[in-house]
Each structure stands twice: as structure tokens, then as C-alpha cells.
Peer 1: 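Once you've had a glance at the structure underneath, I'll fire off some questions.
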Amino acid sequence: MTASPGIRLGALSVTFGRAIRALDRVTLEVGEGETVGIVGESGSGKSTLCRTLVGLTRPTAGEVEVLGEPVTVALRRDPRGYRRRIQMLMQDAVATLSPRMTIGRLLAEAVAIHGLDRDETEERIRSFLGRLRLPPSILGRYPHEISGGQARRIGVIRALLLRPRVLVADEPTAGLDVSVQGELLNLLMEFQRELDLTFMIVSHNLHVIKRVTRRTLVMYLGQIVEDAPTRDLFARPAHPYATALISTNPLLAAEDGGGAIILRGEIPSNAALPPGCRFHTRCPVARPVCAETMPELEPTAAGGQVRCHFPGTLARPGTGAA
Amino acid sequence: MAGPLLEISDLRLSAGSGKGAAAILRGIDLALARGRILGIVGESGSGKSSLVNTIMGLTPPGLRAEGRIVLAGEDLLGLSPVRMRALRGHRLAMIFQDPMTALNPVFRIGTQLVDVIRNRHPGTVPAAVEAMAVEALGRVGLPDPGRRMRDYPGQLSGGMRQRVMIAMALVCRPELLIADEPTTALDATIEAQIIDLLRRLRHDFQGSIIFISHNLGTVMQLCDEVAVLYGGHLVESGPVRAVLRRPLHPYTRALVGCEIDDRPVDAPLAFIPGKVPETTERPGGCIFADRCAYAAAPCRTTAPRLAAQGDDRRAACLRLGELP
Amino acid sequence: MHAAAALAATLGRVVRHPGGAFGAGLVLLILLTAILAPGIAPHDPNRLDVVSAFAPPSGGHWLGTDQLGRDLLSRHIFGTRIAMAVALSVIAIALAAGMLLGVLSAYTSGPVERAILVAFDSISSFPSVILAMAAVAVLGSSMPMLIVVIATSLIPHYGRVARAQVLSARNEPYVEAEQVLGASGVRILLAHIVPNIIAPLIVIASLDIPVVIAIEASLSFLGLGLRPPLTSWGGLLQDGYQNLARSALPVMVSSGVLAVATLAFTMFGEALRHAIDPRSGRRA
């Protein structure tokens with residue numbers, strides 16, 4: 001969408017085993033320095049997408065390029081160089097810290113692995129600790145001795161020590177109390193602006209995405225179903241799934257909480273995907289064609305893209321003309 | 001109806017003694033009328049789960065519960081373990097965040113549901129028990145309930161398991177149903193289904209519900225009243241709309257303020273600096289003073305008492321009258 | 001620093017476990033006896049004194065003498081050396097080889113993995129004693145031979161646990177996080193996987209020590225183990241057994257020593273298992 005792509009996916013598919021299709025021909029371009037949010041539920045493929053970007057999961061088909069270079073090539077040519085360009089904050093921050101190492105040693109690993117300058121890095125760690133409001137004594141602690149919020153901030157330091165150009169955050173606030181999630185998000189956004197990071201943030205919390213991104217992707221069962229400027233998406237979602245998802249989670253400030261669209265049924269399994277539009281089994285406005293033909297991502301008037309035969313037909317109850 | 005269904009007074013839960021003593025609940029006063037849904041909110045470590053576990057008589061060994069928990073005239077804290085066990089499943093029922101903690105993976109859900117019904121309504125003829133079980137599963141929205149009876153818990157999705165838990169609670173016809181974060185582990189659209197189910201069921205369910213959640217939006221949708229817990233204290237309570245729209249206590253204000261608002265992307269998000277007090281801390285004044293934006297000198301020396309604010313609201317803060 | 005502190009903490013938990021202090025104390029005593037044998041044995045274990053054969057316990061011979069008048073206490077003290085040397089070498093070899101093969105099998109696929117697993121299955125389909133008897137019968141008996149044979153029979157024990165541990169540790173978030181950070185496979189294995197899988201292996205090792213002592217004693221008792229002049233506990237038991245009609249004392253002493261040693265290591269091992277197992281409430 002902007003000048004040079006930070007991330008480019010070309011018909012990326014990831015299949016586990018023979019039948020489980022986690023990602024299905026996902027095509028996407030994220031400009032350098034852009035912040036993109038991804039929302040979706042179980043099976044949407046949002047975590048698989050992140051893992052593919054950092055090389056934890058291999059693409060089954062299609063292309064993945066980060067900063068203009070295909071990931072498979074970059075990982076073969078200079079794996080460490082690639083790691084320095086893209087870093088990830090993983091879910092379950094405490095579990096991502098090796099349990100028998102102190103926080104200090106875990107941070108020092110970046111130095112050892114990438115041959116960073118020892119004194120300079122120490123200086124940077126100190127300044128990061130200060131900015132993230134972590135006491136220096138935390139360096140002597142073990143992962144199980146620190147809180148979930150602290151572990152997340154240590155994860156941020158570990159990632160940023162390598163001065164990455166691209167940062168992927170998979171559910172960075174999951175499990176955090178609302179009282180502290182704001183602080184972490186503020187810091188992440190500060191770093192994004194300061195370092196001009198290409199930032200991809202995944203969350204099941206729509207409000208988080210709404211508040212920190214300018215562009216949002218909605219995923220359902222391995223596909224992007226809507227890709228739109230965040231403000232537009234929340235004001236006028238085009239895809240019925242996006243409409244329902246936004247309606248289920250009203251802001252406290254919204255006048256009436258009763259406007260939730262209740263989708264019927266369960267999320268289908270990635271191993272037995274419905275034919276036609278993947279959402280038709282739960283869609284309140286599905287018509288016969290939806291069960292037969294899979295819609296493609298088509299541009300919308302508002303400048304986004306939507307994968308629906310009848311975009312914009314599902315109205316939110318109780319909110320009037322949003 | 002005369003008097004509230006549940007009346008908790010000066011409930012304290014503590015462990016150990018001397019210097020390392022931990023105070024988990026520090027004197028909770030709370031009443032719940034029949035047929036009402038009470039939401040309990042607060043950060044992790046505020047004592048939400050400890051409070052409901054104490055009501056259920058599920059206090060871990062080594063913890064001391066003092067005070068009174070009166071359910072329809074009977075003080076639960078004074079009951080023998082045998083009597084308490086008899087109450088659970090009859091007058092008290094609970095659903096958990098993870099249904100697998102309560103469902104036995106090696107028995108069919110039908111078998112487990114039938115056991116609950118037989119235990120609750122002894123003497124019912126088997127055919128009627130079976131019919132009741134199928135009916136309950138149907139009412140909680142399990143498709144094809146007759147066949148689902150033969151499924152094992154592992155064959156159901158998280159949302160379906162939670163429906164089964166609700167069905168079990170329903171057949172008990174408890175006077176008080178406690179739901180401890182029942183939707184936290186579920187996907188958003190499934191969570192909406194469960195909340196919707198609970199809203200619809202409350203009409204044919206005569207009892208009261210205590211609903212614990214960290215999601216203020218959900219509490220607003222489902223509950224009639226709300227109680228805000230902080231560091232083992234009840235700091236504010238009242239009708240859900242009034243409290244969450246116009247919070248009185250600085251902690252409730254801060255918590256509501258942390259809910260993500262509609263401001264533009266560049267504006268920083270709100271948060272509450274500092275961290276929740278440890279159970280071993282014994283502040284001389286208000287438990288929230290350290291993190292409070294409005295704290296003044298007296299707040300650090302005098303502990304505020306929970307006081308009535310108007311007809312149906314209560315808050316524990318020394319400076320209520322002076323706050324902007 | 002960390003390792004020392006962790007070791008001290010673990011030992012602290014061992015000692016606090018019921019029977020742990022007793023087991024640990026006895027183990028320490030056994031190890032000291034083995035190390036200091038020449039200094040503390042009252043007599044030369046091989047000095048013959050036929051005149052005082054089968055002497056009852058006395059001031060000169062605390063545990064009496066055997067059929068050739070050799071001091072039983074001294075012979076058992078030197079036997080401790082043999083028992084410990086065999087047990088510790090066997091465990092060290094089995095642990096090292098088992099871990100190597102187990103890790104290798106977890107990291108390879110196809111023929112290499114299958115070959116290792118088939119080898120594990122073949123070895124463990126024979127009881128250790130039978131396997132060792134067969135090997136000794138064919139290849140003859142010497143101390144290194146005995147050690148290698150018993151160690152081989154125990155390799156699958158460690159190999160399988162190491163393999164299972166690696167397979168599950170490889171999917172741990174912290175291992176994936178290291179990958180994302182750019183750590184090499186070798187670095188992840190040595191710095192992150194091995195330290196996290198070694199604890200259960202050490203526990204198995206401590207519980208295997210009495211097993212090895214028993215196997216070695218059985219082989220020596222059957223005449224397939226160590227030959228004189230090496231005085232193994234099993235050999236001593238055999239000596240006593242042959243002369244059981246003339247005196248029960250040597251048999252009683254040898255059995256007693258064996259029983260106490262196995263008990264000590266078992267109790268220590270159990271306590272260690274509790275101290276290391278995270279499920280036993282390590283993080284309160």
C-alpha cells in the first residue's frame with residue numbers, strides 16, 4: 001500500500017499434516033513503518049501467520065517476503081541477519097524465558113548470539129530497564145520469580161536489543177489486567193514510532209487493535225475476510241463476521257450493551273472447512289450462492305478489501321446508522 | 001421477600017500468623033437479593049476468586065475464614081464439611097473458567113448429568129431423569145442433545161462444555177449460582193453466545209447469580225449490580241449502570257478509565273501505575289492510597305469504611321465529598 | 001554461582017525429605033569409606049591367617065574373619081571401593097551414552113532414529129543380569145568388561161527418557177523464542193534443552209546405583225564377575241555362601257552391607273526425586 005513493503009505475502013498457504021489448513025492463499029502487503037492489527041478467533045490463522053513470518057513455521061505454498069527478501073532465502077543465506085531484521089513477542093511471555101537462566105543471562109544471550117558490543121548493550125539494557133520501569137535487581141531473578149507483566153517487558157527488551165526493523169506481537173496483552181495493559185501498549189507504540197518499526201499486532205481484543213492501529217485485518221478460518229482502515233472498519237464493517245465480532249464486544253461507553261449479534265453454531269474446524277464462503281454456516285445474511293462459491297477479496301469503496309458476496313448487508317442492531 | 005438471599009458480613013480470609021501472615025480478604029460486607037445478578041470485578045489478586053471459593057466452602061487447607069456468610073438464614077461458615085457438601089449441588093452451584101476442572105473426562109456427559117439429577121432429586125424414575133437431562137442440554141442450546149448425552153467431555157468444544165456445565169447447574173436449581181470467569185477462555189463470538197444464554201436463562205432460573213469477570217463490558221451487559229474488589233477490600237458497590245457509568249471510588253474510576261476508549265491512535269492509553277498490594281502488606285490507611293491519584297495525607301493513616309452513598313450505592317473512600 | 005546455589009538448595013530439600021537425611025548421610029559415609037579405604041581398614045584385606053579362620057567378632061576383628069582368616073571388615077571396606085567404582089562408572093557411561101543416543105534419536109528421523117530405537121528395544125528385552133551373563137560368558141570377565149556390559153544394559157533406560165524429554169522440550173515456548181532470537185541448534189540444545197532435561201536423568205541415575213550394585217554382586221556371586229584378588233561384595237557373599245555350613249557370619253555381614261548400601265542409595269534417590277520434581281511443589 002505504501003512505498004516499499006515491510007511484509008509481503010503472496011498466496012501464502014500453510015497446511016499441517018494432510019488436512020489441517022491453517023492459512024489459505026493469504027495475500028497481503030504491509031508498508032515499511034506501518035502498524036497493522038490482526039483480529040480473529042481460534043483457527044483464524046493469525047498465530048500461524050506470525051510464526052511463518054519469523055520462520056517458526058514453513059510455508060506450504062506461496063511467498064513470504066520481509067523487507068524485500070524472501071524469508072526462506074534470508075534464513076538460508078544469513079539466518080542471524082534475518083533475526084536482527086524481524087523479531088516477535090510471543091504469547092505466554094513467562095514461558096518464553098528459559099526457566100533455568102536469570103533474566104540477566106537471558107538478555108546477555110542476544111550479545112553472545114549476535115556478537116553485539118558488550119558495553120554498549122549493557123548501557124542499552126540499563127536504559128531499557130529504566131524506560132520500562134523495571135528495577136535493575138530483576139536481572140538476578142529467574143523467570144518464575146517475575147510477574148507476567150514484567151516477563152512481557154523483558155520480552156520487549158530482548159526483541160528490541162537486536163534493533164529489528166519489523167516487530168510482530170502475538171497477543172501482547174493476553175492475560176494482563178486492564179489496569180496494566182495500557183502501559184505496555186503505550187510503550188510498544190512509543191517504540192514503534194521512535195524506531196519506525198513495521199509493526200504487526202495480533203489480538204483477540206478488538207479495542208486494543210482499534211486504539212493502536214490505523215489498519216486492521218480480520219481473519220476467519222485461514223483467510224483474510226476484511227482489510228480496512230481501522231476507523232472505517234469499526235464504524236462501518238463490511239463483512240458480516242467483522243460486524244458480528246465488533247458487536248459482541250461493546251465499549252463500556254456505548255449507550256446500550258444489548259446490541260450484540262449472536263452468531264449461531266461453532267467455529268468450524270480447519271480440518272473440515274465448509275465449501276463456498278467459509279463463514280456461510282454462521283452468517284446471518286447468507287444466501288444460497290454463499291454455500292457454493294467462495295468470494296474473493298474485492299476492493300471496497302472505502303479503500304479496504306472484503307471477502308463477501310454481499311458486503312455491508314448485516315446491520316448492527318441497536319446502534320442505528322453507524 | 002424478607003431479607004437478602006445472601007448476606008456476607010465482615011468476611012476475612014487469612015493465612016499464617018505473625019510477620020508473614022497473609023490477609024486475602026480483609027473484611028467484606030455484601031448482600032445479594034433473590035433473583036439478582038451480581039458482578040464482581042477487580043484486578044488479579046483482588047480476592048474475587050477467594051471470595052466465591054469461601055462462599056462455596058472450598059477454602060484451601062491452612063486458610064482461616066472468619067465473619068459470617070448467611071445464605072437464606074443459615075451461616076455457611078459454621079457448617080460441618082458434610083452439611084456443606086450437601087449444600088453444594090443443591091442450594092449452591094458453581095461454574096468455572098475451565099469446565100474440564102469439573103467434568104470427568106472418562107465419563108459420558110449424559111452419565112455425569114444424570115448423576116447430578118439423581119443426587120438432587122432422589123427417587124425420580126430413570127426415564128424421567130433421562131428426560132430431564134436431555135431437556136436441560138436442549139435448553140442450554142446443545143444441538144441434538146439426545147445424541148450429545150453419549151459424548152465424552154473431550155469430544156466437545158470449549159463452548160459446548162461450558163453449556164454442559166450450565167445445564168448441570170440448572171438441573172440443581174440452586175438458590176445461588178456462582179460463575180467464575182466462565183467465558184474468559186472462550187472465543188469472542190462463543191463468549192457472546194454464552195452471555196446471551198445466561199441472560200435468557202435468568203428468567204426461568206429463580207436463583208441469584210454471582211458473576212466474576214475482568215471484562216467490565218460483559219458485567220455491564222449481564223449484571224444488575226456490581227461489587228468492586230481491591231486488595232481484599234470491597235471498595236464500591238451498587239447498581240451496575242450507576243457504578244460503571246459514574247464511579248465514585250477513585251479505584252473504580254481508574255479501572256473504568258483503563259477500559260479502552262474511543263480516542264485517536266496517537267493518544268496514550270490509561271493505566272493504573274504501581275501494582276496491587278501483596279496479601280502480606282498491612283497498610284495503616286486506605287489500601288489503594290499508594291496508587292490513588294487523589295490520595296491525601298489522611299488516606300495514609302485512616303482506613304476508610306464502606307459507607308452508603310445515596311439509596312443503593314456504597315463506597316469506601318475518605319475523600320468522596322472532595323473529589324472532582 | 002547459580003549451579004552451586006541450586007545444588008545447595010536441592011540438597012537442602014533432599015535432607016528435609018523423610019528418610020532423605022538418613023539416606024544422604026549413609027551415602028556420604030559409603031563414599032568416604034570407598035575413598036579412604038586404605039586409611040581406615042584395620043587390616044590388609046588379603047592377609048591370610050588360617051589359624052584364626054572363622055573367628056567371631058572381637059577387638060582385633062570387629063566383624064570376625066573368613067575361611068582363610070582374612071579380616072571381614074577390611075575386606076568389605078575395600079569391597080566398597082569396587083562397588084562404588086563399578087556403580088559410578090556404569091552410571092556415568094550409561095548416562096552419557098543414553099543421553100547422546102536419546103538426543104540423537106530425537107533430532108534425527110528415518111533410518112538413524114529407527115536404528116537407535118530398535119537397539120534400545122533389543123537391549124531392554126533382556127533382563128540386565130541375563131544380558132551381562134551372556135556377554136561375560138562369551139567375552140570373559142574383567143572390571144572394564146563388566147562395567148561396559150552393565151552400562152550397555154542400562155543405556156535404553158536413559159536414552160528413552162532423554163528422547164522423550166527432548167521431544168517435549170523442543171516445542172516449549174522458550175525454545176521457540178531462542179530460535180526467533182537467532183540461537184543456533186547446538187546452542188539451544190546445550191544451553192536450554194540439556195539443563196532442563198538433566199534433572200530427571202540424574203534422579204534415574206541415583207535410583208540406578210543400587211541396581212548396579214546388585215547386578216555386579218549377582219554376577220560376582222555367580223562367579224561371572226570380578227576375580228580375586230579384587231574383593232567385590234558379591235564375591236564376598238559367594239565366599240561366605242560356600243562356607244555357610246561352617247559359619248553363617250560371613251554371609252550375614254556381606255548381605256547386611258549390601259542391604260544397607262542399596263537402602264541408602266534408594267532412600268537418597270527417592271528424596272532427590274522429590275527435591276527435583278517440580279510437581280512436588282518446588283515453586284510454592
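Below, chain A is the first sequence line, B the second, and so on; all start at residue 1.
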Peer 1: Can you name the residues of residues 228-236 of chain B that have some heavy atom under 4.5 Å away from a heavy atom in chain A?
Peer 2: none

Peer 1: Does any backbone or side-chain atom of Glu190(A) lie under 4.5 Å from a heavy atom of chain B? Answer side chain, backbone, both or neither.
Peer 2: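 No part of Glu190(A) comes within 4.5 Å of chain B.
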
Peer 1: Can you say whether Thr213(A) sits under 4.5 Å from chain B via the side chain, the backbone, both, or neither, judging by heavy atoms?
Peer 2: backbone

Peer 1: For the backbone of Pro264(B) and the side chain of Arg211(A), can you confirm whether one donor and one acceptor N or O come within less than 3.5 Å of each other?
Peer 2: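 Judged by distance alone, yes, a pair lies under 3.5 Å.
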
Peer 1: Contact part of Leu263(A) toward chain B, heavy-atom cut-off under 4.5 Å: side chain, backbone, both or neither?
Peer 2: both

Peer 1: Among the options Asp196(B), Leu222(B), Val219(B), pick out the one with the most heavy-atom pairs lying under 4.5 Å from chain A.
Peer 2: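 If we count pairs closer than 4.5 Å to chain A, Asp196(B) comes out on top.
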
Peer 1: Tell me every residue that passes side-chain contact (heavy atoms from CB on, under 4.5 Å) with Ala95(A), counting only those two or more places apart in sequence or in another chain.
Peer 2: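 side-chain contact (heavy atoms from CB on, under 4.5 Å) list for Ala95(A), sorted by chain: Asp92(A), Pro173(C).
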
Peer 1: Going by residue number, which parts of residues 39-50 of chain A are within reach of chain B, meaning a heavy-atom gap below 4.5 Å?
Peer 2: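 Listed by number: Glu41(A), Ser42(A).
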
Peer 1: I want to check something: taking the side chain as every heavy atom from C-beta on, are Val178(A) and Glu259(B) in contact at a cut-off of under 4.5 Å?
Peer 2: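 Result yes, sub-4.5 Å side-chain heavy-atom pair found.
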
Peer 1: Ignoring hydrogens and geometry, is there a side-chain-to-backbone donor-acceptor pair from Gln193(B) to Gly265(A) under 3.5 Å?
Peer 2: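 Checking the backbone N and O of Gly265(A) against the side chain of Gln193(B), a donor-acceptor pair under 3.5 Å is found.
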
Peer 1: Flag yes if more than 12 heavy atoms outside Arg147(B) fall under 6.0 Å of its CZ atom; otherwise flag no.
Peer 2: no

Peer 1: Name the member of Arg133(A), Glu266(A), Arg264(A) that forms the most heavy-atom pairs with chain B at distances under 4.5 Å.
Peer 2: Glu266(A)

Peer 1: Between Ala192(B) and Thr248(A), which heavy-atom pair has the shortest distance, and what is it?
Peer 2: CB-CG2, 3.4 Å

Peer 1: With chain A as the partner chain, list the residues of residues 266-279 of chain B whose heavy atoms fall under 4.5 Å from it, by residue number, and write 'none' if nothing qualifies.
Peer 2: Asp266(B), Ala267(B), Pro268(B), Leu269(B), Ala270(B), Phe271(B), Ile272(B)

Peer 1: Looking only at non-hydrogen atoms, find the nearest pair between Ser179(A) and Cys258(B) and report the distance.
Peer 2: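 Closest pair (atom of Ser179(A), atom of Cys258(B), distance): CA-SG, 3.7 Å.
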
Peer 1: Return the CD1 to CD1 distance between Ile190(B) and Ile267(A), rounded to the nearest 0.5 Å.
Peer 2: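 Reported to 0.5 Å precision, the distance equals 5.0 Å.
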
